[in-house]
Protein chains: 2
Amino acid sequence: MSTDVVSGEPSRLRADARRNRERILRTAMRHFSLHGINASLEEIAREAEVGAGTLYRHFPSREALLAAALEDQQKELLACAQRAGKLADSGAALGAWLGALQDYLRSFNGLPAPVLAAVKERESPLCLSCNALVSLTDEFLVRAQQDGRARATVTANELFLSALGIAWVLNRAEACGTTRQALEKVLAHGYLAATDEPPAPMMTAPPPGD
Amino acid sequence: MSTDVVSGEPSRLRADARRNRERILRTAMRHFSLHGINASLEEIAREAEVGAGTLYRHFPSREALLAAALEDQQKELLACAQRAGKLADSGAALGAWLGALQDYLRSFNGLPAPVLAAVKERESPLCLSCNALVSLTDEFLVRAQQDGRARATVTANELFLSALGIAWVLNRAEACGTTRQALEKVLAHGYLAATDEPPAPMMTAPPPGD
DNA sequence: AGATAAGTGGAGACAATCTCCGTTTTCTGA
DNA sequence: TCAGAAAACGGAGATTGTCTCCACTTATCT
């Protein structure tokens with residue numbers, strides 16, 4: 001928000017304030033990467049050489065700081081979405097998007113929790129970007145559904161939340177006997193055998209030749 | 001552990017110790033139910049009218065207290081497993097088990113987190129029961145796989161972790177646009193259309209007429 | 001009843017969050 | 001260029017929570 005490097009906004013912040021904000025942000029990114037989203041704010045303030053009050057004035061809550069610290073990764077994610085959107089195969093596009101989402105959710109350890117919280121609490125600083133994530137998921141999903149590549153009864157919300165759940169597990173459980181690929185595959189195909197029961201009263205799947 | 005009401009163990013605990021343990025446990029169950037697994041231990045001690053030291057001697061960690069407070073629910077879960085095991089339809093049995101698991105994981109708000117942690121940390125007081133949960137999942141899954149009801153490439157670990165992920169989401173997101181049934185369905189069938197691609201190099205799918 | 005081992009409780013060390021307000025720094029325009 | 005006003009700073013301290021330590025109390029055994 002407030003001051004993008006690129007956007008020409010002159011930033012009404014005083015020079016020292018802008019400097020401090022930047023220091024805090026840089027330090028926060030390091031600490032969140034290193035120690036997860038629960039990194040000590042006190043510690044961040046100390047290392048950025050500002051008082052606690054300064055940190056809290058710039059970023060009134062952990063989530064506000066988190067949101068600011070995630071800006072880069074969000075841009076990266078949007079770029080991935082752009083690329084995925086250009087894939088001809090809508091099923092592959094959806095897969096690519098979900099993969100990118102997993103990457104994003106791994107930016108900081110424990111990130112899925114505040115993201116999930118932001119989905120419901122509409123006042124969260126993360127809320128804006130979260131809604132965007134659900135919307136994007138919706139776009140990819142709908143396109144895949146129109147091509148008969150995704151089940152028609154799945155909603156974007158369900159899919160997004162499931163992806164969040166997987167990300168949460170992987171955040172803590174990687175190398176505990178499972179891989180990201182394995183869980184993504186379960187999410188894609190389910191655990192039931194394909195022949196078990198027609199899951200949706202969907203229109204006859206078109207033959208592979210478009 | 002230590003003293004089951006039923007098992008005849010005379011309990012080497014002194015009378016006052018046993019009394020205190022019981023008070024703590026009862027209070028803890030209330031607080032965990034009310035405020036989730038992060039309920040203040042200090043508060044629990046105060047309300048149980050014991051010193052902090054007493055609480056920590058009986059239950060050296062939050063997880064130890066949690067494990068003790070969950071004994072009842074675990075019994076209930078095992079009973080469910082018994083019942084599910086008697087179902088003739090192995091697919092339905094697996095579904096019933098996963099449902100019971102969801103119920104269990106909703107005993108206290110936030111429970112999936114320590115359960116997941118316990119899966120990897122082998123010293124956790126919750127570890128024992130967690131391993132049992134994975135084993136049970138395995139039994140149900142294998143049976144369903146033998147009947148061709150579950151995909152052969154899914155492992156119990158993957159399925160259990162996925163269920164944990166869903167439980168985690170539901171713990172916090174129910175009424176945020178999704179229901180438990182919806183997420184369970186996604187887990188069961190996946191998000192891809194059934195015709196998309198044979199998910200496993202499995203033996204030729206039998207024609208719909210069994 | 002008296003000895004002794006088991007158990008108690010709460011003071012206190014420590015860590016983290018967040019607020020408040022006296023002080024310092026920047027900005028502005030005369 | 002230099003006040004004066006406004007903006008921002010920082011850190012002390014209130015608060016809450018976890019966990020330990022040990023002087024004291026209480027149950028148990030003989």
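Keep in mind that the numbers below use all heavy atoms, side chains included, and drop hydrogens, waters and symmetry copies. Below, chains carry the letters A, B, ... as their sequence lines are ordered, and counting in each starts from 1.
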Given side chains that start at C-beta, do those of Leu55(B) and Glu42(B) come closer than 4.5 Å, heavy atoms only?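 SC-SC contact between Leu55(B) and Glu42(B) ruled out.
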How is [X] classified with respect to the nucleic acid when contacts are heavy atoms under 4.0 Å: base, sugar-phosphate, or nothing?
| X | value |
| --- | --- |
| Ser40(B) | sugar-phosphate |
| Ala17(B) | sugar-phosphate |
| Ala15(B) | sugar-phosphate |
| Arg19(A) | sugar-phosphate |

What's the [atom1]-[atom2] distance between [X] and [N], to the nearest Å?
| X | N | atom1 | atom2 | result |
| --- | --- | --- | --- | --- |
| Glu63(A) | dT17(C) | CD | C1' | 15 Å |
| Ile44(A) | dG10(D) | CD1 | P | 16 Å |
| Leu65(B) | dT18(D) | CG | P | 11 Å |
| Leu41(A) | dG11(D) | CG | P | 17 Å |
| Glu42(B) | dG12(C) | CD | P | 15 Å |
| Arg62(A) | dA16(C) | CZ | C1' | 9 Å |
| Phe59(B) | dT18(D) | CZ | P | 15 Å |
| Asp16(A) | dA8(D) | CG | P | 8 Å |

With respect to the side chain of Tyr56(A), which nucleotide from dC18(C), dA27(D), dT20(D) is positioned closest?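 The closest nucleotide is dC18(C).
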Taking the side chain of Ala52(B) as heavy atoms from C-beta outward, which of dC18(C), dT20(D), dG9(C) is closest to it?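 Out of dC18(C), dT20(D), dG9(C), the nucleotide with an atom closest to Ala52(B)'s side chain is dT20(D).
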Can a salt bridge be assigned to the pair Arg30(B) and Glu47(B) using a cut-off of 4.0 Å between side-chain N and carboxylate O?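 Salt bridge present between Arg30(B) and Glu47(B).
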Return yes if a side-chain donor-acceptor contact under 3.5 Å exists between Asn20(A) and Thr54(A), otherwise no.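 No, no side-chain donor-acceptor pair sits under 3.5 Å.
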Quick one about Ser124(B) and Glu63(B) (side-chain donor to acceptor, distance below 3.5 Å, no hydrogens or angles considered), yes or no?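 Yes.
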Does [X] have a side-chain nitrogen or oxygen under 4.0 Å from the phosphate oxygens OP1 or OP2 of [N]?
| X | N | value |
| --- | --- | --- |
| Asn20(B) | dG7(C) | no |
| Arg14(A) | dT25(C) | no |
| His58(B) | dT8(C) | yes |
| Arg57(B) | dT8(C) | yes |
| Thr54(A) | dG10(D) | yes |
| Arg18(B) | dG7(C) | no |

side-chain hydrogen bond (donor to acceptor under 3.5 Å, both in side chains) between Tyr104(B) and Gln74(B), intermediate numbers included: CA-CA 7 Å; Tyr104(B) 169 72; Gln74(B) 280 175 10; 3.1 Å; yes
Which ones in residues 22-38 of chain A lie close to DNA chain C, meaning a heavy atom under 4.0 Å from one of its atoms?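 The stretch gives none, as no residue of it lies under 4.0 Å from the strand.
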Check the angle between the aromatic planes of Phe108(A) and Phe32(A) and answer parallel, tilted or perpendicular using the 30° and 60° thresholds.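 Phe108(A) vs Phe32(A) ring planes: tilted.
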Only one of Arg23(A), Arg19(A), Arg26(A) clears salt bridge (charged side-chain N to carboxylate O under 4.0 Å, His left out) with Glu49(A); which?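 That would be Arg23(A).
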side-chain contact (heavy atoms from CB on, under 4.5 Å) evaluation trace for Leu77(B) with Leu133(B): CA-CA 9 Å; Leu77(B) 178 56; Leu133(B) 299 189; 3.5 Å; yes
